[in-house]
> 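Before we start, here is the structure in question, set down as structure tokens.
A note on names: the letters A, B, ... follow the listed sequences, proteins ahead of strands, and every chain is numbered from 1. Computed from a predicted structure; not experimentally measured. Side chains are part of it too, since the values below use all heavy atoms of this structure and drop only hydrogens, waters and symmetry mates.
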Amino acid sequence: MKRKDISKLTVDDAKTELAELALLLSTANTAYHGQDEPEIEDATYDALKRRNAQIEAKFPELKRRDSPSDQVGSAPASGFSKIKHAVPMLSLANAFSAEDVHDFADRIAKFLGVTTESLKFTAEPKIDGLSLALRYEDGRLVHAATRGDGETGEDVSQNALKIPSVPQSIKTRLKVLEVRGEVYMTHKDFEELNKRQKIAGEKTFANPRNAAAGSLRQLDATITAQRPLAFFAYAWGETSADLSETQMGAVNTLSDLGFQTNPLMMLADSVEDLIQHYTLIEKQRSSLGYDIDGVVYKVDDLRLQSRLGFRATTPRWAVAHKFPAETAWTRLTEIEIQVGRTGALSPVARLEPVNVGGVVVSNATLHNEDYIKGLDGKGNPIRDGKDIREGDLVQVYRAGDVIPKVADVDLDKRTNDMPFDFAQRLSELGISAQRAEGDAVWRYAGDHPMDEVAIEGLKHFVSRQAFDIEGLGAKQIEMFYYDPDLPVKRPADIFTLQTRDDQNLTKLANRSGWGKTSSENLFRAIDEKRLIPLHRLIFALGIRHVGEIAAKLLSQTFVSWDMFWDVVEKAKSSEDARMTIENIDGIGPIVASSLIDTCHSVSARENILDLVSHLRIEDAQILAPSSSPVSGKTIVFTGTLEKMTRAEAKAKAEALGAKVSGSVSAKTDMVVAGPGAGSKAKKAAELGVDIIDEDAWIEMANSK
DNA sequence: GATCCTCGAGTTCA
DNA sequence: CTCGAGGATC
């Protein structure tokens, strides 16, 4: 391929070529790592990568988020490279009843300060497949990504190109258009595929959804090409201009661009309309030819959508009204008790394996003692108050189509006349435990630490959000824990593995299942994590009530391990130090006590200090100041807001990185005062805090 | 003291 | 994904 001299490239040329190179190189990468014949020779690959770097050097502002120069040599473990979504791919809140749908609409109306009757919604079937984001730049597909964790997905560009209903290029004037939708497989195609798989002696799929997922995530895209996948477009991510003013209009635009959109999408004027459409779609469910698991409702007006904004993981303006889950009856053979890392003892039902909606289930969660008795957390009856006993015939469903649960018990078939006695079972098992007043769970309360607790703690320590040590997963942890020659009983032991192995007569490398390479890889992976960010370390300690978020808050507050540890040490005796912790927004007395008590218990303290002696701890990054003028500020709203409700103003401010408080104090940076503002505005004036009116606030909030 | 939201901890199967 | 419970707010 002939390429222009770099010095003669225009900005547009450069942009187009960078997009081209990104796709080309990532295609080559995947083909290379997918045990396939490399599509291009190494020398060509290197030349293209060099050219990419040269263009980036000349036009640094054009460097792409998915730039090939950032993708170092080897692909990640999964075989697909990662793509960070420009706009996060969120999940939807669920509604399980007409009442939930009414609540959804009323909540929105209240948030916006309008009547429920004035709102319009779209309703469309919720396709049971897997979501896919297709990014087009200047009308050409530059990459395709799975949802992943919502922030970052996997690059499945080559695979997406093999789906007939995914256009390679579209006629649009938009610089950037990210189309989102669902990849699925029809029932007919699914059955034919399984027939072919069976004849070929390959594994068959349990259901169309698994078949679609398995087919899209093929490292070898030529396999994807042989799989009958289809794509419905229903949403969008980043766009360089608005698609429409309404949800319906935007989806119609996608349809005009050549995407398949769902014919059953309609506009509804009222909640009653929504429910009616739900019933209609449910009636057609079995004859659609593809799986759906509910109906999605969205606020039609896109301006209202943007005013409504997002909660932590879901948009406020959409909900998924789920169909009742599929159920199956089976025998509950036994109730077992599992031990968690906090010592929580949770009951699990062992079941005679049964197919529930295409998946074979043999376990189900029973949550806690009360749940088995037929009571929820507040003492209200569930399952009509029926208790669960070993030997019962039970009805099982998968909550959220994932977690198996017991929906019902057939009392007529019951033969066991003994209700399940949680406390008695624990004593039979020789487990000393107690259930605290007002608590739902039983916790281990013996003198000696339980092996199970220690093992779960170690698993937590190496988990993905903690130390994330490659090659040291749950299985290896269990093996090392009971290993007589090379035991790992606490986190610090991980970091002495290699020196201890060096002193041993029988080396890890000589054991069955291990070799020189795998043991060296493990030691290297461990060494790589001797440098660890502070928040990961705090999270990894596994302190009760201190999860990922609390660990980040603590890390942001204290910045360095020394500062953190110093305050925690002093907090036992110094009220001041304790209050420094409790005053962190998001941390209260219970979390603080848990942190302080744990770190002062003799054994934990010793373990922590020992661990830390093997590590270099990276200080917290001070949050980059956001571009918004209100970011990091504390704002108080007072008086009557005329253009938005309180809830909306608060959500908007928080989305911009501000904190919203109810009362004016010395910490307040700004007061937004509407008509009728009284004492708060007065107090603000006394304190010399900035006071602005609603219009000035809106201008500021929108100025970005 | 009630209520909403978010986090933590526990859960299944491919 | 769901439940229980902590934290913030009114």
> Closest to the A:A344 side chain: C:dG6, B:dC13, B:dG10?
B:dG10
> Taking the minimum atom-to-atom distance to the side chain of A:I590, which one of C:dG7, B:dT12, C:dC3 wins?
C:dG7
> What's A:V348 touching, base or sugar-phosphate or nothing? Going by heavy atoms closer than 4.0 Å.
sugar-phosphate
> May I have the distance from A:L366 (atom CG) to C:dC3 (atom C1'), rounded to whole angstrom?
13 Å
> Nearest to the side chain of A:T342 - B:dA9, B:dC7, B:dA14?
B:dA9
> Can you see whether A:R217 engages A:N159 through a side-chain donor-acceptor pair at a distance of less than 3.5 angstrom?
no
> Report yes if the distance between the aromatic ring centroids of A:Y297 and A:H321 is under 6.0 Å, otherwise no.
yes
> Check whether any side-chain N or O of A:R341 sits under 4.0 Å from OP1 or OP2 of B:dA9, and answer yes or no.
yes
> Tell me the interatomic distance from A:F104, atom CZ, to B:dC4, atom P, rounded to whole angstroms.
17 Å
> Quick check for you: among C:dC1, B:dC13, C:dG4, whose closest atom lies nearest to any side-chain atom of A:N368?
C:dG4
> Could you tell me the separation between the CD1 atom of A:I543 and the C1' atom of B:dG8, rounded to a whole number of Å?
14 Å
> Whole angstrom is fine here: how far is it from OH in A:Y397 over to P in B:dT11?
17 Å
